[in-house]
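These notes are about the structure you will find just below.
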Amino acid sequence: MTESNLMLFDRVEKVVGRESLSAFAIKRIIVFGVGGVGSWCVEALVRSGFRHLTLVDPDCVVESNVNRQLEATVETLGIPKVEALKSRLLSINPRAEIETFQDFYDADHREKFDLSQYDFVIDAIDSLKDKAALIVEATQTERCTLFSSMGAAMKIDSLRVATSEFWKVDGCPLARALRKRFKHGGEYPSRKFMCVYSSEKPIESARHVGGNGSMVHVTATFGFTLAQMVINKALFV
């Protein structure tokens, strides 16, 4: 990392030290899902000095994304989320290396993504089936560390956001559904992994046909917490 680029992260270096900042710059991270959770995670990582990120999301920005997704504005409507977010990230650090895939992860096409290339895999996928498939694959991959987001929708209290090992997550319907799927399918994660979740009971009135309600201060807290988990693991100690 050049001296001029280091100046962008001078305040980060004052906290974590030069060795950790240099370590951040060489870590490789892939993020599946760059919506209300994943987009804020990526923003925090790039602003903290991480440079090598791969963004995976099949969708384009629509109006219903604007309330909670970092890249979603009235000016980016119709643009693939990964491209809109890449543009923003490069405006923060032009030397960042951002690879994008307007695609989704599923069990039938898992070979499209070689997870062994990455130090960290961030799961911010909404689909239960695809989320379960990614968790199984990532926990079978020796090199990478998986961090997974549980359900942030239909919640309003960001003070209830916490972290836990997956099998110990309590009070999250998505985590319960995943555990049920693993047990019924007979295919389990190969190792333990950490999650961000909320113990808040979902607000039933926030359930609607065509999508669940969500608040940016909650989804962003999920995303920032995922970034914190990566930072903790990547710190040079």
Side-chain angles (χ1 to χ4, degrees), residues 1 19-35 37-39 41-46 48-58 80-83 85-86 89-90 93 95-150 163-167 175 178-179 181-182 185-196 222-223 225-237:
M1 186 179 292
E19 289 179 303
S20 287
L21 185 58
S22 296
F24 293 175
I26 63 173
K27 297 299 183 183
R28 301 182 62 85
I29 305 168
I30 187 167
V31 181
F32 291 93
V34 294
V37 172
S39 61
C41 173
V42 170
E43 169 99 350
L45 291 173
V46 168
S48 299
F50 292 86
R51 294 180 57 210
H52 302 281
L53 291 106
T54 298
L55 314 179
V56 184
D57 195 298
K81 291 181 183 179
V82 291
E83 297 304 326
L85 187 55
K86 177 180 179 178
L89 299 178
L90 291 177
N93 182 7
R95 294 183 177 88
E97 297 181 10
I98 313 296
E99 187 174 14
T100 61
F101 291 90
Q102 190 183 357
D103 206 341
F104 60 92
Y105 183 95
D106 68 4
D108 294 332
H109 302 92
R110 64 183 69 186
E111 70 280 354
K112 290 187 292 188
F113 304 102
D114 181 4
L115 301 186
S116 66
Q117 297 181 34
Y118 300 96
D119 299 289
F120 297 99
V121 174
I122 303 298
D123 160 37
I125 294 175
D126 292 330
S127 163
L128 181 68
K129 172 177 66 70
D130 298 337
K131 192 179 197 74
L134 176 61
I135 289 170
V136 169
E137 181 70 14
T139 56
Q140 291 174 349
T141 306
E142 185 174 347
R143 172 181 173 179
C144 66
T145 297
L146 169 69
F147 294 125
S148 181
S149 173
M150 297 294 106
T163 63
S164 177
E165 197 281 315
F166 170 70
W167 294 100
L178 277 169
R179 290 194 287 258
R181 185 177 185 89
F182 290 139
E187 188 174 25
Y188 292 87
S190 298
R191 63 176 186 265
K192 294 180 179 180
F193 62 98
M194 293 296 294
C195 302
V196 57
F222 270 64
T225 302
L226 286 169
Q228 175 70 72
M229 296 161 81
V230 172
I231 290 167
N232 286 351
K233 186 74 173 180
L235 281 171
F236 190 92
V237 294

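Computation of the quantities below employed the complete heavy-atom set of this structure, encompassing side-chain atoms and omitting hydrogens, waters and symmetry-equivalent molecules.
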message = How close do Cys144 and Ala138 get, counting heavy atoms only, and between which atoms?
response = SG-O, 3.5 Å
query = Can you tell if the side chain of Lys81 reaches within under 4.5 Å of the side chain of Leu55, non-hydrogen atoms only?
reply = no
inquiry  = Could you measure the distance from the CD atom of Gln228 to the OG1 atom of Thr163? Nearest 0.5 Å is fine.
reply    = 9.5 Å
ask   = Would you say Phe24 and Leu235 make side-chain contact, with heavy atoms under 4.5 Å?
value = yes
ask   = Does a side-chain heavy-atom distance below 4.5 Å link Met229 with Leu226?
value = yes
request  = For the pair His52 (side chain) and Ile98 (backbone), establish whether a donor and an acceptor sit closer than 3.5 Å, ignoring hydrogens and angles.
outcome  = no
ask   = Which atom names give the shortest non-hydrogen contact between Thr139 and Pro189, and what distance separates them?
value = OG1-CA, 3.4 Å
ask   = Taking C-beta and beyond as the side chain, do Phe101 and Val82 meet within less than 4.5 Å on heavy atoms?
value = no
message = When you compare the side chain of Leu53 with that of Val42, does any pair of heavy atoms fall below 4.5 Å?
response = yes
ask   = Looking only at heavy atoms, what is the nearest atom pair of Phe104 and Pro58, with distance?
value = CB-CG, 3.9 Å
key: Beyond-backbone contact of Ile29 with Asp119, side-chain heavy atoms, under 4.5 angstrom   = no
message = Going by the rule salt bridge (charged side-chain N to carboxylate O under 4.0 Å, His left out), which residues pair with Arg110 if we only count those two or more places apart in sequence or in a different chain?
response = Glu137
query = Do the side chain of Arg179 and the main chain of Phe166 share a donor and acceptor less than 3.5 angstrom apart?
reply = yes
key: Counterpart residues, side chain to side chain donor-acceptor pair (under 3.5 Å), relative to Ser164 (two or more places apart)   = none
key: Interatomic distance, Phe50 atom CZ to Leu21 atom CG [nearest 0.5 angstrom]   = 9.0 Å
query = In terms of heavy-atom contacts, does CD of Glu142 have more than 12 from other residues, nucleotides or ligands at under 6.0 Å?
reply = no
Reported CG-to-CG distance for the pair Leu146 and Leu115, which is rounded to 0.5 angstrom = 9.0 Å
request  = Please step through side chain to side chain contact (heavy atoms under 4.5 Å, CB included) for the pair Arg28 and Arg143, ending with a clear verdict.
outcome  = CA-CA 11 Å; Arg28 301 182 62 85; Arg143 172 181 173 179; 4.1 Å; yes
key: Considering all heavy atoms, the nearest Ser48-Ile231 contact   = OG-CD1, 3.8 Å
inquiry  = Show the nearest heavy-atom pair for residues Ser148 and Met150, with the distance to one decimal.
reply    = OG-CE, 3.2 Å
note = d(Phe32 CZ, Ile30 CD1) to nearest 0.5 Å is 3.5 Å
inquiry  = For the NZ atom on Lys192, are there more than 12 heavy atoms of other groups (residues, nucleotides or ligands in this structure) within a distance under 6.0 Å?
reply    = no
query = Taking the inter-plane angle between the rings of Phe182 and Tyr188 on a 0 to 90° scale, is it parallel (under 30°), tilted (30 to 60°) or perpendicular (over 60°)?
reply = tilted
key: Reported CD1-to-CG distance for the pair Ile125 and Asp130, which is rounded to 0.5 angstrom   = 6.0 Å
ask   = Would Arg95 and Arg51 count as a side chain to side chain contact (heavy atoms under 4.5 Å, CB included) if you check the C-alpha gap in whole Å, the side-chain angles of each, and the deciding distance to 0.1 Å?
value = CA-CA 7 Å; Arg95 294 183 177 88; Arg51 294 180 57 210; 4.0 Å; yes
ask   = In Å, rounded to the nearest 0.5 Å, how long is the span from NZ of Lys131 to CG of Leu128?
value = 9.0 Å
request  = Check for a donor-acceptor pair, side chain of Arg191 on one end and backbone N or O of Thr141 on the other, with a separation under 3.5 Å.
outcome  = yes
message = Which heavy atom of Ala44 sits nearest to which heavy atom of Ala227, and what is that distance?
response = CB-CB, 3.6 Å
